[in-house]
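Index from 1, following the sequence. Counting convention: from 1, in listed order, for ligands and their atoms alike. The structure displayed is predicted, hence computed values, not measured ones.
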Amino acid sequence: MLDQVSQLREKMLKKKSGVLDLKPIKKTRVLAVTSGKGGVGKTNFALNFGLSLVEQNKKVLIFDVDLGFANIDVLLGQMPRETIATMIEKDLTVYDIIEEGPNGLLFISGGNGFNELFRMDDLKLKKFFQELGTLQGQVDYIILDTGAGLSYENLRYILAADDVILVTTPEPTSITDAYSIVKMVHGKDPNVHMKLVVNQCVSLKEGQRTAANFKQAAEQFLGKEIGTLGSIPNDSHIPEAVKKQQPLMLAYPSSESAIAIRQMTGEFLQLRMPYKLGLKGFIMKMLFK
Ligand SMILES: Nc1ncnc2c1ncn2[C@@H]1O[C@H](COP(=O)(O)OP(=O)(O)OP(=O)(O)O)[C@@H](O)[C@H]1O
Ligand SMILES: [Mg+2]
């Protein structure tokens, strides 16, 4: 049987040669997982949330866009064969840099090559995003694992995505940094959909209280409505899974944190969120804003 990446590549070749109908079969939603403060659990969340969506029969691609600190591949214990830099250099397709992880989860590693993306000339940047655009309709979700904070790159990803998942811990430093993200993003575009995830909570109550306070502050001072996806307990299974280089959802599927992520995924899939422009819109914004 062909692996997922080969199947996608075959489909694309047929599409290019006109054998397949050019209309995309479904919408591809782009989610940006971000945070104000670093080290709050974005990458672990992006990976395990992605795997949890796969459990719900969704096709998911995780795109590691964390400049310089890309590490989805490290969490999976799977080193990529090609990077974005070699893709551009050797004129490869996006299918040559997609890796297949466990359970058919797809991922693109940032690697060092990604540092150069925004410094590339416009033609190369355009070529890269055009390639990425061929994934429209091929996967249900593209999850961007971004870096922390208000860098130029991060803001572009946040403003271009369909939905933004903002990860914080209950610590005041993490909360105030997350709030700065909301403030900055809201000032640039009040229509960005943001959902909060409170990670590393000592109790469910702490998670709920943190989310409620955050929501209230955003509404009161910015007039911005923030959704809540839920909270994840502080759970030693997460660092244990990291050490094993296996995703939590597979290494410890019945752990408290895996159950919380699964529950969140169920709720996320129930949400009737307005669809923005999907992958095509994301690419337009990345190229022209
Ligand atoms: N719920 C949790 N319980 C316990 N430890 C956690 C939890 N979530 C994440 N961690 C630990 O926190 C550390 C940081 O996690 P992770 O790398 O996912 O954060 P990050 O936000 O992606 O960091 P960076 O900003 O550097 O990209 C890891 O060592 C991980 O094991
Ligand atoms: Mg990270």
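The line from CG of D162 to NE2 of H193 is 8.5 Å long, rounded to the nearest 0.5 Å.
Not a single N/O/S atom of N44, whether from backbone or side chain, sits less than 2.8 Å from the Mg ion (ligand 2).
Shown in contact with P239 at under 4.0 Å from a heavy atom are these atoms of ligand 1, numbered in order with element: 4 (C), 5 (N), 31 (O). Of all the atoms in ligand 1, the ones that sit under 4.0 Å from a non-hydrogen atom of N44 are 15 (O), 16 (P), 17 (O), 18 (O), 30 (C). In summary, the atoms of ligand 1 found under 4.0 Å from a heavy atom of N199, numbered by their order in the structure, are 1 (N), 2 (C), 7 (C), 8 (N), 9 (C). The distance from ligand 1 to the heavy atoms of V242 drops below 4.0 Å at these ligand atoms: 31 (O). Atom numbering of ligand 1 starts at 1 in the shown order; those under 4.0 Å from a heavy atom of G38 are 25 (O). Under a 4.0 Å criterion applied to the non-hydrogen atoms of N234, ligand 1 contributes the atoms 3 (N), 4 (C).
Relative to atom 3 (N) of ligand 1, the option among V198, I238, D235, L248 with the closest non-hydrogen atom is D235. With K37, Q200, K243 as candidates, the residue nearest to atom 10 (N) of ligand 1 on a non-hydrogen basis is Q200.
Annotation: G41 places an N or O atom under 3.5 Å from an N or O atom of ligand 1; distance criterion only. Where the criterion is an N or O separation shorter than 3.5 Å, residue side chain and backbone included, S236 fails it with respect to ligand 1.
A salt bridge links K243 with E240: the distance from a Lys NZ or Arg NE/NH1/NH2 to an Asp or Glu carboxylate oxygen falls below 4.0 Å.
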Criterion side chain to side chain donor-acceptor pair (under 3.5 Å) on T93 and D96, from CA distance to verdict | CA-CA 5 Å; T93 71; D96 296 314; 3.2 Å; yes
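Side-chain heavy atoms closer than 4.5 Å link hydrophobic residues (I, L, V, M, F, W, Y) into clusters, and following such links, possibly through other members, connects M184 to M194.
Residue S35 places every heavy atom at 4.0 Å or more from ligand 1. Between P233 and ligand 1 there is a heavy-atom distance shorter than 4.0 Å.
Residues S109 and D64 have side chains that never bring a donor and an acceptor to within less than 3.5 angstrom of each other.
Taking a 6.0 Å sphere around CD of E225, one finds it holds 12 or fewer heavy atoms contributed by other residues, nucleotides or ligands.
Ring centroid separation for the pair F268 and F49 comes in under the 6.0 Å cut-off.
Panel note: side chain T169, backbone V40; no donor-acceptor pair is recorded below 3.5 Å. The backbone N or O of V33 lies less than 3.5 Å from a partner atom in the side chain of T146, making a donor-acceptor pair.
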